[in-house]
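All remarks here apply to the structure that follows.
Worth saying up front: this structure is predicted, and the values here are computed from it rather than measured. Ligands are counted one by one from 1 in listed order, and the atoms in each one are counted from 1 as well.
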Amino acid sequence: MQVKVIDHPLIQHKLSLLRDKNTGSKDFRELLEEIAMLMAYELTRNLPLEETEIETPVARCKCKVLTGKKLGVVPILRAGLGMVNGVLRLIPAAKVGHVGVYRDPETLSPVEYYCKLPTDVSERDFIVIDPMLATGGSSVATIDMLKRKGAKNIKLMCLVAAPEGVHRVNEQHPDVEIYTASVDERLNDHGYIVPGLGDAGDRIFGTK
Ligand SMILES: O=P(O)(O)OC[C@H]1O[C@H](OP(=O)(O)OP(=O)(O)O)[C@H](O)[C@@H]1O
Ligand SMILES: O=c1cc[nH]c(=O)[nH]1
Ligand SMILES: [Mg+2]
């Protein structure tokens, strides 16, 4: 199983609060955004740097700055929207694409309904974001879409993953690195992650 678990204490603490069924939508949204920002810190660890010369008030010195690699963030609607602002706080110049995919509650298969990406897809590295990686169907469908449009370098960031979803993404897209705050036990008979945190979209937006 190829997956990077980001087990920073701040993330683990906030994730526990998110899991709690008594946490309401307002707190849920705030915590999710905070975790997304902390996870983005880890995901961007290997961004390329170049040297430049800067004059401080004291002396000239060689310093490092980002090379300006083009990045794209792609939330999977709806629940992925809850992580966008946290990621953008760290990489504000990233372009945002939107992919609409929902999971058919009976078949658990992904149903695609929207796709709007930056025009220069083939020149960007992408981070696909969704709090939940359950069967993996929605993530695989989104990565398929991005690759069809020319994306070559994609990372997947999800808050909670099921082993089933990790295996599926590994199998269908072995080049895509998965980052998560937790690999949970399993899926239940309805395709929900156990223990998970319930339906992420409903908890973010207060729907049922
Ligand atoms: O790995 P999978 O088995 O595909 O399940 C995960 C998907 O299910 C949820 O979306 P949902 O279908 O509930 O749509 P929503 O975000 O609009 O509520 C979640 O946000 C993921 O996108
Ligand atoms: O546990 C799950 C599985 C799929 N989608 C969710 O929102 N939660
Ligand atoms: Mg949902």
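A salt bridge links R45 with E42: the distance from a Lys NZ or Arg NE/NH1/NH2 to an Asp or Glu carboxylate oxygen falls below 4.0 Å.
The side-chain hydrogen bond (donor to acceptor under 3.5 Å, both in side chains) pairs that include a residue from residues 25-41 are K14-E34, K26-E30, E33-R89, where partners are two or more places apart or lie in different chains. Counting only residues at least two apart or on different chains, the side-chain hydrogen bond (donor to acceptor under 3.5 Å, both in side chains) pairs with a member in residues 141-151 are D144-H173, K147-H173, K147-D175.
Ligand-side atoms of ligand 2 in range of I193: 1 (O), 2 (C), range being under 4.0 angstrom from any heavy atom.
Annotation: R103 places an N or O atom under 3.5 Å from an N or O atom of ligand 1; distance criterion only. Polar contact check, M132 against ligand 1: no nitrogen or oxygen pair lies under 3.5 Å apart. Considering backbone and side-chain atoms together, V101 places no N or O closer than 3.5 Å to any N or O of ligand 1.
At a 4.0 Å cut-off, not a single heavy atom of S139 sits close enough to ligand 1 to count as contact. Within the structure, ligand 1 has D130 among the residues with a heavy atom less than 4.0 angstrom away. Heavy atoms of A79 come nearer than 4.0 angstrom to ligand 2 in no pair at all.
Closest heavy-atom approach to atom 1 (O) of ligand 1 among the candidates G100, A79, G136, S138: G136.
I35 pairs in a side chain to side chain contact (heavy atoms under 4.5 Å, CB included) with only one of the listed residues (L10, I6, I11), which is I11.
The residue A200 has no part lying near ligand 1, judged by heavy-atom distances below 4.0 Å.
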